[in-house]
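Numbered from 1 within each chain, the chains take letters A, B, ... in sequence-line order.
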4 protein chains.
Amino acid sequence: MTTPADSAPVSLSTVTGRPLTKRGEATRRRLLEAAEDVFAELGYHDASIVKITERAHVALGTFYLYFDSKQAIFEALVIDLNSRVRHSMSEAMAGARDRIEAERLGFEGFFEFTAAHPALYRVVREAEFVSPATLRLHYERIVDGYRAGLAAAQQQGEIADDLDVEIAAWALMGAGELIGMRYLLWERDAAGRPPQHIDPAVLDGMSAFIARALRPAGKED
Amino acid sequence: MTTPADSAPVSLSTVTGRPLTKRGEATRRRLLEAAEDVFAELGYHDASIVKITERAHVALGTFYLYFDSKQAIFEALVIDLNSRVRHSMSEAMAGARDRIEAERLGFEGFFEFTAAHPALYRVVREAEFVSPATLRLHYERIVDGYRAGLAAAQQQGEIADDLDVEIAAWALMGAGELIGMRYLLWERDAAGRPPQHIDPAVLDGMSAFIARALRPAGKED
Amino acid sequence: MTTPADSAPVSLSTVTGRPLTKRGEATRRRLLEAAEDVFAELGYHDASIVKITERAHVALGTFYLYFDSKQAIFEALVIDLNSRVRHSMSEAMAGARDRIEAERLGFEGFFEFTAAHPALYRVVREAEFVSPATLRLHYERIVDGYRAGLAAAQQQGEIADDLDVEIAAWALMGAGELIGMRYLLWERDAAGRPPQHIDPAVLDGMSAFIARALRPAGKED
Amino acid sequence: MTTPADSAPVSLSTVTGRPLTKRGEATRRRLLEAAEDVFAELGYHDASIVKITERAHVALGTFYLYFDSKQAIFEALVIDLNSRVRHSMSEAMAGARDRIEAERLGFEGFFEFTAAHPALYRVVREAEFVSPATLRLHYERIVDGYRAGLAAAQQQGEIADDLDVEIAAWALMGAGELIGMRYLLWERDAAGRPPQHIDPAVLDGMSAFIARALRPAGKED
DNA sequence: GATGAATGAGTGTTCATTCAT
DNA sequence: GATGAATGAACACTCATTCAT
């Protein structure tokens with residue numbers, strides 16, 4: 001389940017158009033991390049550039065050396081998170097023996113990432129009116145990977161051959177999104193903190209649901 | 001799959017605190033409909049009270065006779081749409097012979113409503129930072145209905161008895177949400193208009209997926 | 001220390017221009033009392049017609065049957081309070097044997113009224129920008145009475161003959177105003193309620209101060 | 001009659017929280033001066049931030065770099081005027097030979113300041129509902145100085161030893177306030193302009209009144 | 001590279017007043 | 001006499017963006 005690298009991993013200064021120096025690269029990273037925190041906490045609209053620059057320990061004007069606009073950093077952030085979540089999922093699926101197991105591990109990776117980066121959820125669910133193109137990009141890149149994996153597994157006979165992999169991919173992604181929202185983001189432990197890992201019982205339940213949905217007819221555990 | 005009626009279907013004037021006159025009730029409805037359109041088109045933040053009142057053909061100040069704030073009409077709208085989508089789903093499921101069929105019909109009703117009221121999607125996905133409580137209410141009310149239906153069906157042996165109905169309910173709701181987003185809201189016909197009905201092939205694909213996920217072991221079509 | 005009665009004690013409906021019926025008169029009174037409370041509590045600007053009508057148990061529109069505007073009721077209230085405070089002062093001074101005693105009793109009456117009607121203070125001190133003419137009227141009417149009393153006493157040799165009674169009148173009025181503010185309106189008892197009567201020690205202190213300022217040379221207690 | 005300097009004469013930017021640059025300090029001062037004019041002319045409520053910033057030749061948003069709110073600049077202004085009027089009074093009293101003379105000079109300084117800064121009056125008399133705490137601060141700071149001066153004079157035997165200096169201080173302050181209102185703010189010369197100095201006859205009359213009230217028994221001019 | 005003062009368009013909300021019933 | 005729905009001007013405040021230093 002490989003994903004082609006993005007065109008240019010080299011960040012350019014918006015003002016000079018040239019590749020960033022090492023120092024510049026660090027500032028840009030700090031801004032992006034600050035944005036992740038601030039967007040996750042306040043949402044796109046209540047987040048402000050001042051808050052982002054404050055959290056990044058950078059002056060207000062510096063922001064515009066690295067990003068053209070508030071929307072630009074939002075898009076950069078979504079793309080960044082998207083790469084990273086897909087990377088997490090691939091890593092998690094690495095040692096899987098079959099697609100059914102891969103699914104479980106992939107979702108585990110997804111939930112792991114979600115717990116560590118709630119911005120992914122919060123930000124994406126707001127993206128519809130901020131940057132619809134980026135929103136689609138995000139979902140489509142994940143679904144693409146999914147579909148590819150499912151199609152390959154279908155070739156291998158690991159999953160039902162009458163399954164529409166495209167539809168299944170969207171359905172699974174939606175299922176993962178709401179399960180994550182419900183059992184990670186909404187959940188609070190005794191101390192009122194969100195859990196860092198998905199409840200194993202939930203992961204089991206979800207995996208069973210998925211396994212049943214994908215498995216070829218006549219094959220049971 | 002019954003849902004208990006909300007406590008008080010009587011709208012109160014925010015200013016007098018008394019039940020609305022017929023004229024008042026009509027104005028309130030106009031505002032709510034205008035808000036649905038404006039929120040769906042522009043999103044919560046770019047929507048403005050002026051835009052809503054203009055679309056409702058009402059003066060600006062009139063707004064505040066019926067709603068306490070922008071957030072208040074947002075919440076009222078979510079609750080209103082929630083009631084109506086659940087009603088649509090119930091209606092659609094009415095004649096189903098078994099749960100599997102009910103699921104298909106229910107989703108059909110859901111998609112029908114989504115196509116007619118895109119605000120449901122757009123507005124809900126923004127609700128996280130506008131009114132988290134309302135967001136949860138929305139999902140939980142739907143999931144509650146779902147879970148009840150699934151549990152009953154499980155009793156009847158119509159669906160797998162080892163299924164965790166709670167988790168399944170969230171998974172199905174998420175699947176429906178993304179499928180609707182992808183195949184209704186993002187889809188455009190030749191004229192560039194979004195379709196009014198879900199593509200039957202997609203509904204088939206999704207139903208097959210669900211059927212497989214729910215059906216008791218050993219039972220095939 | 002007589003004050004000529006105001007021209008017309010007959011209230012007219014602002015809408016018909018005719019004298020009010022008994023019922024109308026009562027409503028007008030209720031509005032005026034409500035206004036006294038609301039203005040005293042919130043000040044002119046934060047007071048609203050709605051709040052006044054609510055407190056008067058009258059519908060919003062009714063207000064405009066009795067007063068032309070918010071400013072109009074404000075002015076009516078100041079004039080009303082002014083008549084009443086002057087009446088209180090005259091009553092209090094009735095049995096005085098000389099002017100020095102009259103002063104003490106007059107101030108006592110003034111403080112009594114102030115404690116019962118804090119609106120007098122609060123409203124007057126805001127009147128500068130609301131209705132300067134009414135503000136002057138208020139002070140001048142009181143000062144007129146004062147001056148007349150002082151002048152008469154001067155004739156009698158009860159107070160120093162080299163005293164400028166006009167200036168003394170303004171000075172005494174100012175003294176009374178701030179003493180009232182400091183020791184009545186700002187004071188709070190153990191339960192946090194403002195006192196209903198001036199602290200006798202303060203009245204003594206103030207009377208001594210005034211006595212010294214007014215008394216003819218060579219005359220001591 | 002010394003007054004301890006306020007803790008920190010360093011203005012802080014409300015936005016960075018750091019001490020202001022020279023340029024910033026100038027802008028802040030311009031805003032404060034504009035506010036003095038606008039509040040004096042229109043009163044607190046009819047003054048608007050736009051009007052203040054226009055008069056200060058500064059953009060609207062700039063206001064909020066220096067003050068948190070309309071109320072905040074109002075309070076800053078009262079405090080500022082308070083310091084300055086007390087300074088004027090101290091200066092004026094500097095060369096006085098005794099307390100009686102000091103009183104006359106102090107009031108002269110007070111009236112001088114009042115004529116040049118009518119905002120002091122107008123703004124303070126509105127402060128009750130805008131910022132009661134600041135209102136008290138203003139009066140108490142002046143009264144504190146007064147009381148200290150009177151108490152010292154009492155020690156010296158310059159004023160009557162049976163005088164309650166606290167009460168006398170409030171009485172004198174009130175007298176000064178109303179005399180200033182009546183003979184400075186309400187007075188108009190032939191050209192309709194308010195006088196720049198108090199009528200000497202009034203100052204004489206007032207001083208005589210005060211002298212009599214303060215002087216020890218048996219001491220005449 | 002970095003700074004932070006300055007800008008001004010935009011928006012939610014209030015409230016005195018009117019008028020049809 | 002009384003009601004209360006409707007009106008719309010006015011205003012405090014926010015914040016993305018620019019630019020001189």
Side-chain angles (χ1 to χ4, degrees), chain A residues 13 15-16 20-21 23-24 26-28 45-53 58-73, chain B residues 13 15-16 18 20-21 23-24 26-28 45-53 57-72, chain C residues 13 15-16 20-21 23-24 26-27 45-53 58-73, chain D residues 13 15-16 18 20-21 23-24 26-28 45-53 57-71:
Chain A
S13 160
V15 86
T16 65
L20 294 173
T21 64
R23 186 182 173 196
T27 307
R28 199 188 114 102
H45 289 94
D46 289 343
S48 69
I49 308 293
V50 212
K51 281 169 192 151
I52 294 175
T53 52
V58 155
L60 174 54
T62 305
F63 177 88
Y64 290 91
L65 262 31
Y66 297 95
F67 299 96
D68 282 330
S69 63
K70 188 182 180 182
Q71 181 175 326
I73 199 178
Chain B
S13 158
V15 86
T16 64
R18 279 184 294 200
L20 293 173
T21 64
R23 188 185 176 192
T27 308
R28 198 187 115 101
H45 289 93
D46 289 341
S48 70
I49 308 292
V50 213
K51 281 169 191 153
I52 294 175
T53 52
H57 298 293
V58 154
L60 173 54
T62 303
F63 176 89
Y64 290 92
L65 294 176
Y66 297 95
F67 299 95
D68 282 331
S69 62
K70 188 182 179 184
Q71 181 175 326
Chain C
S13 158
V15 84
T16 65
L20 294 173
T21 64
R23 184 183 175 196
T27 307
H45 288 94
D46 289 342
S48 71
I49 308 293
V50 212
K51 280 170 191 150
I52 294 174
T53 52
V58 155
L60 173 55
T62 305
F63 177 89
Y64 289 90
L65 295 174
Y66 296 95
F67 299 96
D68 282 331
S69 63
K70 188 183 180 184
Q71 181 174 327
I73 198 178
Chain D
S13 158
V15 86
T16 65
R18 278 184 292 197
L20 293 175
T21 63
R23 186 184 178 193
T27 308
R28 198 189 116 100
H45 289 94
D46 288 342
S48 71
I49 307 293
V50 212
K51 282 170 191 151
I52 294 175
T53 51
H57 299 294
V58 154
L60 172 55
T62 304
F63 176 89
Y64 290 92
L65 294 177
Y66 296 96
F67 299 97
D68 282 332
S69 63
K70 187 182 179 183
Q71 181 175 326

*To the nearest 0.5 angstrom, please state how far the OG1 atom of D:T27 sits from the OH atom of D:Y66.*
4.0 Å
*Any side-chain N or O of D:T27 less than 4.0 Å from the OP1 or OP2 oxygen of E:dA5?*
no
*Write down the distance between CG (D:L65) and P (E:dT3), rounded to a whole number of angstrom.*
18 Å
*Answer with base, sugar-phosphate or nothing: what part of the nucleic acid does A:Y66 contact at a heavy-atom distance below 4.0 Å?*
sugar-phosphate
_Minimal non-hydrogen separation, B:F63 against B:V58, with atom names_ = N-CG1, 4.5 Å
_Annotated protein contacts, base or backbone, on nucleotides 12-21 of chain F with a non-hydrogen cut-off under 4.0 Å, one of B, S, - each_ = SBB-SBB---
*Any chance you could measure B:T62, atom OG1, to B:L65, atom CG, to the nearest 0.5 Å?*
5.5 Å
*Toss me the dot-bracket line for DNA chain F: Watson-Crick and G-U wobble, both under 3.5 Å, 5' to 3', using | for pairs to another strand and [ ] for crossers.*
.||||||||||||||||||||
_Taking every non-hydrogen atom, the tightest pair across A:K70 and A:H45_ = NZ-O, 3.6 Å
